[in-house]
Amino acid sequence: MNKIGLTDQDIVALVDCNNFYVSCERVFDPSLEGKPVAVLSNNDGCLVSRSNEIKALKIPMGAPGFKHEALIRKHGGVLLSSNYTLYGDMSRRVMDVLGKFSPELEIYSIDEAFLGLNGFRVRDLEAYGRKIRETVRKWTGIPVSVGISRSKTLAKVANHYAKRYSGYCGCLVMLDDERIQKALEKLPVSEIWGIGRQYDKFLRQNKIANAWQLRNAPEQFIDHYMTSVGHKTVLELQGFSCIDLDEAPAPKKSIVVSRSFGKQVSELEELEEAVSTYITRAAEKLRAQHSVAGHLMVFLNTNRFKEGPQYNNAAQMTLSPPTAYTPDLIKTALELLRDLWLPGFEFKKAGVMFSEIMHEDDVPLNLIETNYLDDERKALADTIDRINRHCGRDTVFYASSGIRQDWQMKRARLSPSYTTRWSDLMKTK
DNA sequence: TCTGGGGTCCTAGGACCC
DNA sequence: TCTGGGGTCCTAGGACCC
């Protein structure tokens, strides 16, 4: 520990799946190897995962698929709809493997995890990193990169280089000062974890262009111009680990379900189906973390890319008592939607948001007599959740969600659910 | 024709109180 | 006519992340 109470002896690994969604697709369709492949966002909108061949074509992350489709085709490549069921399942498999390499595991996102490696001898780390990489590859088919250093932020930097330079064979241990300095000097500030567009611009204006310069910036400057988060970033670059490993994810404080539609939607009835469907999904998430929501918001957007009258608005309501009971939530949400809706607009997106979320056991006592948890409704909700978990989503669903669902998002190029649907299992020829 | 979705944390400023 | 100072809580919006 140093004088400000930070340890400079932690060892942290960041394991990051390479081009994760694309890699998932390639596991089950080897014909995609070597070709430009990208996975599109919901509604077949923008590119959210790109193979190296797509990156070589200089097509940026987040670019609209339709603008680049011709070029990709010309190079023998493909665009795929996103298959989140598949990616979620593959992610769980990867994380299961990583869990075998350290008791300290923080699942940071669908394709990234931090591992605490304290107690390992430094000279063994490189071999250990490679072992992690080989094992994940062998057991799941997913290629990953491993970065190891003194703090999460530095582990991110190490990972950045491990991924880009084939000489590192996918694993970089960055512990000695000389190596850290070299890496940081070559790294533009915008590539640092926690430095976004605004900070990037500001720092550049102040002649801080690379990570080494930020690491060595005067303390008064940092104090004055950066938030507490920015300050932590600088300390982390200096090798002081001050963003702890977070092994048990906290329950969500807000839950959002929103989607763009596959077409323009004007009719109230169709919007009611969509909102009802989103509430159903959001309430499932709520119950999965044993929570209830005290506040509900419904929002509606027109197409911001299209000329014509715009209407973006939200309606909200306190839920008293807080609840996670889908039928009550649908009822309230549809009332809010009817307040919100105006005829004559072409809507492109709707969504619902739960906030003021609390654990179901923490509902105040004076509200308890009307709590949904106390009566048969809780048993009904749990039963429906169980059926849908075992037999597939929407085996049991609410009539208000509709059957035709013409507004549903486009997923024209969807791959099969190889790992989660019996009928989509791969067959040998 | 076609441009995603889901989160967290921090700060500033206003309202309110004593 | 003069018109303090400190604290808390809440909210909206910004910034960032994947």
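Side-chain atoms are counted along with the backbone in the values below, which use heavy atoms only and exclude waters and symmetry mates. It should be emphasised that the depicted structure is a prediction, and the values quoted were computed from it without experimental measurement.
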Does a side-chain N or O from [X] land closer than 4.0 Å to OP1 or OP2 of [N], or not?
| X | N | answer |
| --- | --- | --- |
| A:R259 | B:dG6 | yes |
| A:K348 | B:dT3 | yes |
| A:K349 | B:dG5 | yes |
| A:R304 | B:dG4 | yes |
| A:K201 | C:dA15 | no |
| A:S260 | B:dT3 | no |
| A:S258 | B:dG6 | yes |
| A:T227 | B:dC9 | no |

Whole-Å distance between B:dG4 C1' and A:Q408 CD? 15 Å
Answer yes or no for A:K152 and A:F114: cation-pi contact, defined as NZ/CZ to six-membered ring centre under 6.0 Å and angle to ring axis within 45°. yes
Looking at every strand, decide which applies to [X] at a 4.0 Å heavy-atom threshold: base, sugar-phosphate, or nothing.
| X | value |
| --- | --- |
| A:L47 | nothing |
| A:K232 | nothing |
| A:E69 | nothing |
| A:K306 | nothing |

On DNA chain B, compare the nucleotides closest to A:S254 and A:N303; which residue's is nearer the 5' end? A:N303
Can you classify the ring geometry of A:W193 versus A:Y108 as parallel (below 30°), tilted (30 to 60°) or perpendicular (above 60°)? perpendicular
Aromatic ring pairing A:F202/A:Y225, orientation class (parallel under 30°, perpendicular over 60°, tilted between): tilted
Ring centres under 6.0 Å, that's the criterion: do A:Y128 and A:F101 meet it? yes
Regarding A:H75 and A:E53, is there a side-chain donor-to-acceptor distance under 3.5 Å anywhere? no
